[in-house]
Amino acid sequence: MSNPIISYNNIISSLGFNSQEVVEQIAQGKTGLRSITKPTILEKPFISSMVDPEKLKAAYRKIAPTSPHTRLEQMMLVSLSDTIQKANIKLSGRVGLIISTTKGNIDVLDNKNPFSRERAYLSKLALEIGNFFGFTTEPIVVSNACVSGVLALSIAKRLVNGQKFDHIFVVAGDLVTKFIISGFNAFQALSDEPCRPYCKTRTGINIGEVATSVLVTKHHSLAIEESVEIVGDASCNDANHISGPSRTGEGLYRSVQSALKEAKLNASEIDYISAHGTATQYNDEMESIAFNRCGMQETPINSLKGYFGHTLGASGLLETIIGMHSLKRNTLFPSVGFRELGVSHSLNIIQKPKETPLNIFLKTASGFGGSNTAAIFKKI
C-alpha cells in the first residue's frame with residue numbers, strides 16, 4: 001500500500017501570502033516577529049507576528065464572498081481557496097475537509113465584536129469554511145492544543161488509507177487575541193524579545209497568527225515538486241500536567257519511537273528534526289531529554305518559532321509545509337535567534353543555512369494536557 005502524500009499547499013502569514021514567498025523570506029533570514037502596540041489585546045507592547053489587515057482584506061475580496069466572515073475565517077478561506085484552486089479537484093463526496101485550530105473564533109466573545117457569539121463554536125467555524133467552497137461532506141474539527149496541526153495530518157492519513165476519502169484538504173489557523181495573549185501573560189511565559197528556542201538566554205514565548213492549508217491524497221498524479229509522503233506518525237499523551245510537559249519527555253519519546261517503527265526507519269536515517277521549540281524553559285528542556293533518549297542528539301534540529309512565534313493549532317501544519325520546501329531545496333533553515341545551548345542535554349541546533357542532501361524529516365509537536373505527536377515525511 002502506497003503512503004498518502006501531502007501536495008498542494010499555502011501559507012498566509014506576516015511573511016507573505018503564499019508558501020513560496022514565505023519560504024523565500026525564511027531563506028533570507030527574515031522574521032515576521034516585531035513589537036506590537038495594541039492596547040485592545042495587551043496594555044503593554046508585545047512581540048508577535050500578525051497578518052497585515054489590509055493585505056488580508058484585499059485577498060479576501062478576490063475570492064468574492066457573499067456574506068461576512070470573521071478575521072480567522074477570512075484567513076482560512078483565502079489560504080484554502082488557493083490550495084483548492086491549484087489542486088483542481090471536484091469537491092465530491094470522496095473529498096474531505098479537516099479544520100485544525102486551538103481557539104478558533106475566540107475573538108467573537110468580545111463584547112464589541114459584531115459577529116454572533118455562536119460563531120465561537122468550532123463546529124460553526126467548520127461549517128462556514130465547508131459551505132463556502134461547497135464541500136458535500138461534513139467537516140472534521142481537530143482541536144487538541146498545540147499538536148492539532150500535526151495531528152490533523154495523521155488523521156487525514158488514516159482516513160485516506162482507510163478509503164473513507166480519496167482526498168482531504170486540511171486547513172489550520174489561529175489568531176493573536178486578547179484571550180490568548182492574556183493567558184500566556186498570566187503564566188509569565190511571554191517574552192519581551194523575539195523568542196530564542198533552546199538558547200541559554202531565552203526568556204519565553206511569542207504568540208503569532210497564520211492560516212495554512214494542504215491537500216492530502218493517495219493520488220501521486222497530484223504530486224508537485226515539494227510533495228512528501230507521510231511514512232509514519234504517532235501520538236501519545238503522558239498526562240503529566242494541564243500545562244506542564246513531562247520532565248522525562250515520556251510522551252514525545254514514545255511518539256517518536258512509534259513513528260519510527262511504523263516508518264521502518266532508524267533514528268540515524270532522519271535527516272533533520274523540525275521540532276516544537278517554544279522557547280519556554282520546560283518545553284525546550286523536555287524536548288532535549290526526549291531527543292537524546294531517541295538517540296537523536298546529533299541530528300540537525302531547528303525550531304521555526306523565531307520566524308512566526310507560536311501559532312498554536314496552526315504551528316504543526318505551518319512547520320510541516322516549510323519542512324517540505326526545505327527538502328525540496330536541500331537546505332537546512334536555521335533556528336533563528338539561537339546563540340548558546342541552554343538545555344541540559346546535547347542538541348545539534350541548526351545555526352546557519354546549510355545546503356545538504358535531504359530526504360526525510362521528523363516533525364514533532366507537544367501541547368497542554370500532556371499531548372505529543374510525531375510525524376515522519378519523505379521526499380517523493
Side-chain angles (χ1 to χ4, degrees), residues 10-60 71-72 74-75 78-79 102-103 106-107 146 172-199 201-212 276-280 283-284 302-315 317-319 321-322 325 333-339 350-353:
N10 173 273
I11 298 170
I12 301 295
S13 77
S14 59
L15 287 179
F17 272 45
N18 63 71
S19 301
Q20 289 74 20
E21 180 183 4
V22 171
V23 172
E24 187 56 40
Q25 294 289 299
I26 291 172
Q28 295 177 23
K30 296 180 181 179
T31 175
L33 292 173
R34 54 187 49 85
S35 180
I36 304 290
T37 300
K38 202 163 187 178
T40 55
I41 292 179
L42 192 66
E43 65 277 3
K44 62 180 181 179
F46 59 98
I47 304 297
S48 180
S49 70
M50 298 182 69
V51 172
D52 185 303
E54 294 306 315
K55 285 184 67 176
L56 177 60
K57 189 183 299 182
Y60 174 62
R71 176 174 166 81
L72 178 61
Q74 290 180 29
M75 288 164 56
V78 170
S79 177
T102 297
K103 299 311 296 181
I106 191 69
D107 56 327
C146 299
D174 265 305
L175 296 176
V176 172
T177 66
K178 180 178 181 179
F179 180 91
I180 293 168
I181 292 291
S182 61
F184 280 96
N185 190 48
F187 278 144
Q188 299 182 338
L190 287 182
S191 174
D192 293 331
E193 305 173 348
C195 65
R196 298 188 294 278
Y198 310 111
C199 185
T201 58
R202 68 192 186 278
T203 57
I205 199 171
N206 306 137
I207 302 299
E209 62 182 21
V210 301
T212 186
H276 195 54
T278 62
T280 57
N283 176 87
D284 292 8
N302 68 13
S303 165
L304 297 170
K305 301 297 189 293
Y307 298 96
F308 305 96
H310 190 354
T311 55
L312 306 181
S315 62
L317 188 60
L318 166 71
E319 292 158 10
I321 292 173
I322 295 170
H325 286 266
F333 297 130
S335 197
V336 67
F338 178 83
R339 301 170 186 171
I350 304 166
Q351 299 186 50
K352 295 180 180 179

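Model, not experiment: these values are computed from the prediction. The residues of the chain are indexed from 1 along the displayed sequence.
- In this structure, the side chains of F46 and N185 stay at 4.5 Å or more apart for every pair of heavy atoms.
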Are T201 and R196 close enough, and set up right, to give a side-chain hydrogen bond (donor to acceptor under 3.5 Å, both in side chains), and what steps lead you there? CA-CA 8 Å; T201 58; R196 298 188 294 278; 3.2 Å; yes
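- With F308 as the fixed residue, the side-chain contact (heavy atoms from CB on, under 4.5 Å) test singles out one of I322, L33, I207: I322.
- When all heavy atoms are compared, the tightest approach of K352 to P334 is N-CB, 3.8 Å.
- With rounding to the nearest 0.5 Å, the separation of CZ in F17 from CE in M75 is 8.0 Å.
- In this structure, CG on L318 lies 8.0 Å from NZ on K305, to the nearest 0.5 angstrom.
- Using a 4.5 Å cut-off on side-chain heavy atoms (C-beta onward), T203 and D192 make no contact.
- The backbone N or O of I350 lies less than 3.5 Å from no partner atom in the side chain of N302, so there is not a single donor-acceptor pair.
- Here the CZ atom belonging to R339 is positioned 13.0 Å from the CZ atom belonging to R202, to the nearest 0.5 angstrom.
- Once rounded to the nearest 0.5 Å, the distance linking CD1 of I106 with CD1 of I180 reads 7.0 Å.
- Counting heavy atoms from C-beta on, the side chains of S48 and K38 never come closer than 4.5 Å.
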Would you please test I41 and M50 for side chain to side chain contact (heavy atoms under 4.5 Å, CB included) and show each step? CA-CA 12 Å; I41 292 179; M50 298 182 69; 4.2 Å; yes
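- Looking at P197 and D284, their side chains come closer than 4.5 Å, going by heavy atoms from C-beta outward.
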Could you walk me through whether H276 and N283 pass the side chain to side chain contact (heavy atoms under 4.5 Å, CB included) test, one step at a time? CA-CA 8 Å; H276 195 54; N283 176 87; 3.5 Å; yes
Show your working on side chain to side chain contact (heavy atoms under 4.5 Å, CB included) between V51 and R71 and close with a plain yes or no. CA-CA 10 Å; V51 172; R71 176 174 166 81; 3.7 Å; yes
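- Put simply, the side chain of H310 does not reach to within 4.5 Å of the side chain of T280, judged on heavy atoms.
- Judged by distance alone, with hydrogens and angles left aside, the side-chain atoms of S335 form a donor-acceptor pair with the main-chain N or O of S303 at under 3.5 Å.
- Counting only heavy atoms from C-beta outward, the side chains of F184 and S191 never approach each other to under 4.5 Å.
- When every heavy atom of A279 is checked against every heavy atom of C195, the shortest pair comes out as CB-CB, 3.8 Å.
- F338 and Y198 make their closest contact through CE1-O, 3.4 Å (heavy atoms, listed as atom of the first residue, atom of the second, distance).
- To the nearest 0.5 Å, atom CZ of residue F333 and atom NE2 of residue H325 are 9.0 Å apart.
- Residues A172 and G313 share a closest heavy-atom pair of CB-O, 4.0 Å.
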side-chain hydrogen bond (donor to acceptor under 3.5 Å, both in side chains) between S79 and N10: does it pass, once the steps are laid out? CA-CA 6 Å; S79 177; N10 173 273; 2.8 Å; yes
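- When the options L317, T212, N18 are evaluated for a side-chain contact (heavy atoms from CB on, under 4.5 Å) with I11, the one that passes is T212.
- For the atom pair NZ (K30) and CG (L15), the distance works out to 9.0 Å, reported to the nearest 0.5 Å.
- Looking only at side-chain heavy atoms (C-beta outward), I47 and E193 stay at 4.5 Å or farther from each other.
- Under the 3.5 Å distance criterion, with hydrogens and angles disregarded, a donor-acceptor pair is assigned to the side chains of E24 and Q28.
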